[in-house]
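Read the structure below first, then the notes.
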Amino acid sequence: MERTLGFKERRYIEEIRILTKSTALDCVIDEKFDRIIYVIKTGDMGYAIGKKGDNIRRLQNVLGRKVEMVESAEKLEDFLANIFKPAKILRIQIDTETNKINTFVATRSEVGIAIGKGGCTIEKARALVRRFFGMEVGEVFPEGEES
């Protein structure tokens, strides 16, 4: 999938490289939730977070916004699992009628975790999956229930 980065995104990616010594593959500026979402290279997540989250706090102070990080993955299932953490994704299903990806979590209580407060996590998933895989994220269901 073709992604273009503007000046701000490149600046934020350079900022994380300088402050954390980790590599960010992409950066999404989410105005709705006033946050910056970084997609971190596989294996660099520990460097990016830092000891007890120190690097994230430092980045938030420098940038003046909330910072969220997602570890990159080659496979769609793994990428979605990284986005929705700490909710445990059991499986995904691509709806052929609507061409959307439905996600299944272990329990009903994890649906709320996967959606996030005010829908912030599901919106993050929609933006990143659209950007990296060119697909749309649909709904989150507890295992055993379907639309």
Side-chain angles (χ1 to χ4, degrees), residues 1-50 53-106 110-143 146-147:
M1 197 84 228
E2 189 67 31
R3 295 181 307 274
T4 57
L5 295 172
F7 175 76
K8 272 186 168 180
E9 287 90 352
R10 286 195 304 270
R11 188 183 129 239
Y12 289 147
I13 288 172
E14 184 64 16
E15 201 73 46
I16 194 172
R17 188 189 65 75
I18 291 167
L19 289 174
T20 68
K21 310 287 188 272
S22 63
T23 305
L25 301 176
D26 201 356
C27 170
V28 176
I29 301 169
D30 186 358
E31 299 292 341
K32 182 177 178 184
F33 292 101
D34 192 36
R35 64 184 172 178
I36 300 168
I37 305 166
Y38 286 104
V39 178
I40 305 297
K41 183 176 128 184
T42 307
D44 274 6
M45 199 61 162
Y47 296 123
I49 295 170
D54 286 342
N55 289 343
I56 291 178
R57 277 193 293 284
R58 222 172 42 200
L59 261 172
Q60 288 177 161
N61 288 336
V62 168
L63 302 176
R65 287 185 163 184
K66 186 177 181 201
V67 172
E68 295 183 17
M69 298 180 183
V70 175
E71 190 169 16
S72 179
E74 291 292 319
K75 291 175 32 185
L76 175 63
E77 296 85 6
D78 298 335
F79 193 57
L80 277 170
N82 290 341
I83 292 171
F84 284 119
K85 278 181 182 169
K88 179 154 175 41
I89 303 300
L90 297 179
R91 65 184 175 97
I92 65 168
Q93 176 186 31
I94 299 174
D95 188 350
T96 54
E97 292 175 13
T98 61
N99 202 26
K100 289 189 176 184
I101 303 165
N102 292 323
T103 309
F104 292 86
V105 294
E110 286 193 358
V111 171
I113 295 169
I115 292 172
K117 187 175 186 178
C120 67
T121 308
I122 193 88
E123 287 302 317
K124 174 172 57 173
R126 287 181 176 139
L128 292 177
V129 169
R130 189 178 309 120
R131 197 166 168 114
F132 278 82
F133 293 94
M135 301 176 85
E136 293 295 320
V137 173
E139 302 297 319
V140 178
F141 299 104
E143 185 60 48
E146 291 186 40
S147 59

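Every heavy atom of this structure was used, including side-chain atoms; hydrogens, water molecules and symmetry mates were not. In this chain, numbering begins with 1 at the start of the sequence shown.
- Remark: Ile16 CD1 to Arg58 CZ distance equals 10.5 Å, nearest 0.5 Å.
- Closest non-hydrogen pair, Val137 versus Ala125, comes out as CG2-O, 3.8 Å.
- Of the inter-residue distances, the one linking Ile115 atom CD1 with Glu123 atom CD reads 10.5 Å to the nearest 0.5 angstrom.
- For Ala73 against Asn82, the heavy-atom pair with the smallest separation is CB-ND2, 4.0 Å.
- No side-chain heavy atom of Asp78 sits less than 4.5 Å from a side-chain heavy atom of Glu74.
- The list of ring pair (Phe, Tyr, Trp, His ring centres under 6.0 Å) pairs with a residue in residues 81-101, not counting sequence neighbours, is empty.
- Distance check: Thr103 OG1 to Leu80 CG gives 5.0 Å after rounding to the nearest 0.5 Å.
- Contact of the Leu76 side chain with the Val129 side chain is registered, since non-hydrogen atoms from C-beta on lie closer than 4.5 Å.
- At least one side-chain heavy atom of Ile89 sits under 4.5 Å from a side-chain heavy atom of Val105.
- Within 6.0 Å of OH in Tyr47 there are 12 or fewer heavy atoms belonging to other residues, nucleotides or ligands.
- Closest heavy-atom contact between Val67 and Ile56: O-CG2, 4.0 Å.
- The shortest non-hydrogen separation linking Ala48 to Thr20 is O-CG2, 3.8 Å.
- The backbone N or O of Tyr38 lies less than 3.5 Å from no partner atom in the side chain of Tyr12, so there is not a single donor-acceptor pair.
- At distances below 3.5 Å, not a single donor-acceptor pair connects side-chain atoms of Asp44 with backbone N or O atoms of Ser22.
- Not one N or O on the side chain of Asp26 forms a donor-acceptor pair closer than 3.5 Å with the backbone of Val39.
- Sorted pairs that involve residues 55-76 and meet ring pair (Phe, Tyr, Trp, His ring centres under 6.0 Å), not counting sequence neighbours, are lacking altogether.
- Scored by the side-chain hydrogen bond (donor to acceptor under 3.5 Å, both in side chains) test, Glu68 finds Arg35, Lys66, Lys124 as partners (sequence neighbours excluded).
- Every pair passing salt bridge (Lys or Arg N to Asp or Glu O under 4.0 Å) that includes a residue from residues 12-22 is listed here, sequence neighbours excluded: Glu14-Arg17.
- Residue pairs meeting the ring pair (Phe, Tyr, Trp, His ring centres under 6.0 Å) criterion with at least one partner in residues 55-76, sequence neighbours excluded, do not occur; the list is empty.
- Residues Leu59 and Met69 have side chains in contact (heavy-atom distance under 4.5 Å, counting atoms from C-beta outward).
- Summarising the geometry, atom NZ belonging to Lys85 is positioned 14.5 Å from atom CD1 belonging to Ile113; distances are rounded to the nearest 0.5 Å.
- Between Ile13 and Ala24, the closest heavy-atom pair is CG2-O, 3.7 Å.
- Legend: residues meeting ring-ring contact (aromatic ring centres under 6.0 Å, His included) with Phe79, ordered by chain and number and at least two apart, are Phe132, Phe133.
- Note that CD1 of Ile92 and CD of Glu77 are 4.0 Å apart. Values are rounded to the nearest 0.5 Å.
- The minimum heavy-atom distance between Val140 and Val111, with the atom names listed, is O-CG1, 4.0 Å.
- Rounding to the nearest 0.5 angstrom, the gap separating the CD1 atom in Ile94 from the NZ atom in Lys100 is 13.5 Å.
- At a threshold of 4.0 Å, the pair Glu136-Arg126 does not count as salt-bridged, since none of the basic side-chain nitrogens sits closer than that to a carboxylate oxygen.
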